[in-house]
A.B. asks: 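Please find one structure pasted underneath; my questions will follow.
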Amino acid sequence: MPHRLARLTLLFGTLVVGAAQAQTTVLEGEVPEDGGAFFTVPFTVARGTVELAVRHDDLSSANILDWGLIDARGTFRGWGGGNGEQAVIGRLAASRSYLPGTLPTGQWQVLVGKAQLASRPARYRVEIEARSSPTLSAQDRASYTAAAPLEATARWYAGDLHVHSLESGDARPGLDEIATFTRARGLDFVAVSDHNTSSHYDFISPTQARHPKVLLVPSVEFTTYAGHLNAFGASEFVPFWLGRDGVTLTSALQAFDQQGAIATINHPTLDLGSFCIGCAWQQPVYPSLMRAIEIGVGGWDETGALFDESAIAYWEALADQGVHLTAVGGSDDHRAGVGLNQTQSPIGSPTTLLYATELSVAGLTRALREGRAVVKLRGPDDPFVSLSSLTPLPRAGDTLVGTSAQVLAHVTGGEGATLEWVENGVVVDEVQVTSDPFTHERTFTVPDGRSGRLRAALRIGASPRTVTSHLWLAPDSPPGPPITAAKPSAKGCQGCTSADATLVALLSLLVLTRRRA
Amino acid sequence: MTAALLAMLLSQAGVPRDAAGTWADPARTAFLVPGSRAILSGFSPASFDGLQPAASAVRFDGVLLRLPAHGFLGPTTLPASWLDGVQVSQAAGSAEDGRTLGRSLTLLPRASPREGWHGSVRLDVLSTGLSLSGVVPETKTQVLAAARFFTAPALGASLFKVRALLGDWQLRVAQPLGDGELRVLALGAANDVALTVSGIPLTARIVSQLVDARWTQGALEVGLTGSHDSIALAIRGAQTRNDVIGGEQALTARAAWRPMVTSELQLSVGGDASLRRLVVSRATQSALPPLPGVDPTLASTSSRSELGPAFTGGVFFEASDRAGPFRWSAGLRGDLWKPVDAQAMASLDPRIGFERDLGDAWTLLASAGLRHQPASWLVPVPVLDTASWRFGLQQAVVGDVTARFRPTTAHHLEARGFGTSLRRSVELSPFDDTFLPQVNLSAEDVARRTGTGFAGGGSIAWAFTPTTTLWVRASYSLVSSWRTLSITRFGGDGLPRGEAQATVPWAFDQTHLLQGATGWRFGNGWSLGATVTVQSGAPLIGGLYGQGQREGVDAITRAPRWVPLDRDLVGNASPWLRVDGRVSKVWRPGALELEAYLDVQNLSLWAQPTGTSYGVAPATLAEQARGDVTLTTRPASSPLGFPIPVLGLEARL
């Protein structure tokens, strides 16, 4: 953009670094106020460049800028977000969050996101070092190919749908550590959902080969400054710079949908200002392109006690409007369970169970699409409850076609717990779980021409433990207009608060670790 | 046995009121007691004998104060005009004194006028308060009433972007009836704080209210206390609002009978029982995102959990001989706790104490006993304390020996040694980095945070009162405190490498504390006072004082970085010195007494060191990229590095 270029102060210098010939270009300027949440800083890559190192600085403790690269062909080359270290891109290797490959000559762009501009005028500084010989060793990367099913049994598979690797700037673990910890918690799968990049896809297949007992699912946390969503099963890059170059939320959702990925609204009520930039969902909801929502926002003992109930209410309120979303949970682990502070959840807290015919990415995405999901809010050791229809009705996705169904709740590991039946967001019955296993039936009926939804939940004492997704009932498929439900209400959550836990969970906001988008 | 050095040191007429550095608050002379120290310089309440402040119960007029300090760490919730000082028990204390591990504090009431009506108005930069006292001649009803509003936070609003409204009120009515007396005491304190953290408005409201009725007749005393404490927090985000209110209601009945069996032997028998009900209400509101064809709406939740009743009760029996050269007491108390949704716990605490006069000048005092307390949270926190009963009891064997030498009426010299063996400790803190997990402790977590330990030390104190217008006090104390518990060991990359049992210095360990205080009243109404405190630094084990670091290497960038030291390898913060000064002038025009005072805490401009701030030297991006990073340190200290002048005027009629 010429007007942005006009604002740039171009400083120029040449440095010789070691034996490698290197030319360093310094670009310093003012962050444009207009133009949306992103802007670019162009620079030229000359012939003979085999490796680029890009260093950046937001020159302020109050402002936060995110950083990425687009090459001369307009190809996305990585997004480090708030990475503190330099980005290095070579032909055979790249630093974390970035993609190796040939370095086309011409005009590249540093893509900059305005995560937080608290001090104005905001300035930036970028140093680009063009190297004629590489410094990085070749890496064990491979294009992602879906693994063959690890297991061909139809059953409930346990996993975590929201985990970050070191390819996210604010995370540390490699995929081997993630796979090992996931297995140690007894889980079957884990979705690696790094922020806005695709560099982690290159490591999934090699790592999968070393960990045949845990399915590594490609995903991405599509991180905007007004909401985050996961694309479970996505293995190709989708532009995230909303409002620039024609990128919109719908275009991104369509691109994910075309890959067969499941778009999931993440931590919808995690509204923590600059502690967690853009974490609460403020974007529009597109029911036909969004299939799931996180109701387990970190483990109950960490952040879930504060955010799960509001996320469940949010989910129910959307369901009142006829939006079908499958309930899932995500730990949002950035450490593979190691060295967590008081608000960070380990992989598996919460645990999401998906009923799939096989342990494969295709099998799991199908389960999500059909709403066959149960969330254990604390972790794998929580009791389990699943719903099934005893009435032989045709099923389309998450919806039984009919007006009345006899539904069976099957509880395991839940003796002493309370089973709650929740119809259209309202708790309509509570049953003591007196044995293991335990079953309880309920007749679910909807008025003619209307649809309705039923789910089950388990709580132990005052603490909620397990939540099923909705089982919808509608006379036709696709479902008709929703019935008018009670507001997603107090009654729905009556007594599901652990007194001291919630009280102090709120206090814990004072000590929450600041997170980047 | 309650005879203690403090009574001699501080409760002489006028001494607590003239002590410098107390914000003109006699209760804060607790910081002058040998063996005591502040969590942070200037913050209440005091820590005694290497234990958490929460280990010391604070009582006034026979009633336990649930919120002795505003905002947990601030000024006392009782008005200065009601107090004449503070008295601290010996280590074992009386058998009447239970459910805490440490020494108890008794706030000493100021003598009430026997006739007529009197009032005082106090206006200083901290607070504005009114107090009224008097006796209704016809009924001989004694009335004390006071109210106070804190003005200092209003100044803070502009200085620190924090809005705070603090206040307290008190009413005490005593009515002789026949041979007995009925006394009703009502206390209330409220704290409202609003601030913005990272753009998120946060408000907190802490309210404590109590009404106590007591009937005394001869050796008999019965009482009934009702209290309501609440903590409310609200956070308003861009899209959401969260409200949590925790309330605790308690009803306590007590009775004691203290007959003199002979002219020397006194028995004390009694007990109490308390029912508590906890209620936690929570509400959330989230704005739903735009949805085609749907009106904007809110997703909301509300819940109300009623937990209770929790029950605690205790009985005690004590015999004491308080006459003659050998005075002794022996007692036993038993306590029972029934937490909500957890098993009941019981304890049995034997206590003994004696005083032995050795000639005219020497007295030897000693006490020993067993004490129990549920898991504690650094300072007393209503709601949370009761909810934490389920973490089990702490247990300590305590004892102390004191030698007192009084060669003349002007000179008092005391030496005291103490030891506290913690057989089980569960000392939690909101300042620890594991705060939230501590609240939701599983059985494994409880085991991990449960330790054993020891606190021991001693003090030497000298009091010199040559005239009624001059007093000098000086003391030295050493407090060593450590715990054996599970700690995390860190690798060179700063990541945990595992857990290990280790003995670590505790927050109140290795404190050398040297203190001197003096006051001089001149004949013309002027008086001067000064207090000097020299204290060694606290161990840097994390939490309140930060954790020591060492140089390591970042696992990803390979650049140098600071990584935590294992908690058994940390050092101490630097020592510090504080000088406080006080000057006052009294006028007595007729029946009116006017006092202007200036009490300045920290004239020395020396903030208490809290460890080290670890950083990285400025480097160019290229240097950072090469890992050419220089790690830096600079001293870190408490925010109170400036003088706190309390300039005030008090009028008494």
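Just so we're on the same page: letters track the sequence lines, and every chain starts at 1.
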A.B. asks: Any sub-3.5 Å donor-acceptor pair from A:Ser165's side-chain atoms to A:Glu167's backbone N or O?
C.D. replies: yes

A.B. asks: Heavy atoms only: give me the nearest A:Gly298-A:Thr303 pair and the separation to one decimal.
C.D. replies: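 The pair with the smallest heavy-atom distance is CA-OG1, 3.5 Å.
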
A.B. asks: With respect to chain A, which residue among B:Thr488, B:Thr240, B:Thr620, B:Leu495 yields the maximal number of heavy-atom pairs within a distance under 4.5 Å?
C.D. replies: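 Of the options given, most contacts go to B:Thr240.
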
A.B. asks: Could you tell me which portion of A:Ala171 (side chain, backbone, both or neither) has an atom closer than 4.5 angstrom to a non-hydrogen atom of chain B?
C.D. replies: backbone

A.B. asks: What part of A:Arg96 lies closer than 4.5 angstrom to a heavy atom of chain B: side chain, backbone, both or neither?
C.D. replies: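 Only the side chain of A:Arg96 comes within 4.5 Å of chain B.
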
A.B. asks: Donor-acceptor check, side chain of A:Trp315 to backbone of A:Leu325, threshold 3.5 angstrom: yes or no?
C.D. replies: yes

A.B. asks: Closest approach of B:Ala310 and B:Thr386, non-hydrogen atoms and distance?
C.D. replies: CB-CG2, 4.1 Å

A.B. asks: B:Ala555, B:Ala559, B:Ser281, B:Pro496: which one forms the most heavy-atom pairs within less than 4.5 Å of chain A?
C.D. replies: B:Pro496

A.B. asks: Between B:Glu427 and B:Trp377 (side chain of the first, backbone of the second, donor and acceptor by atom type, cut-off under 3.5 Å), is there such a pair?
C.D. replies: no

A.B. asks: Does any heavy atom of chain A fall under 4.5 Å from the side chain of B:Ala283, the backbone, both, or neither of them?
C.D. replies: neither

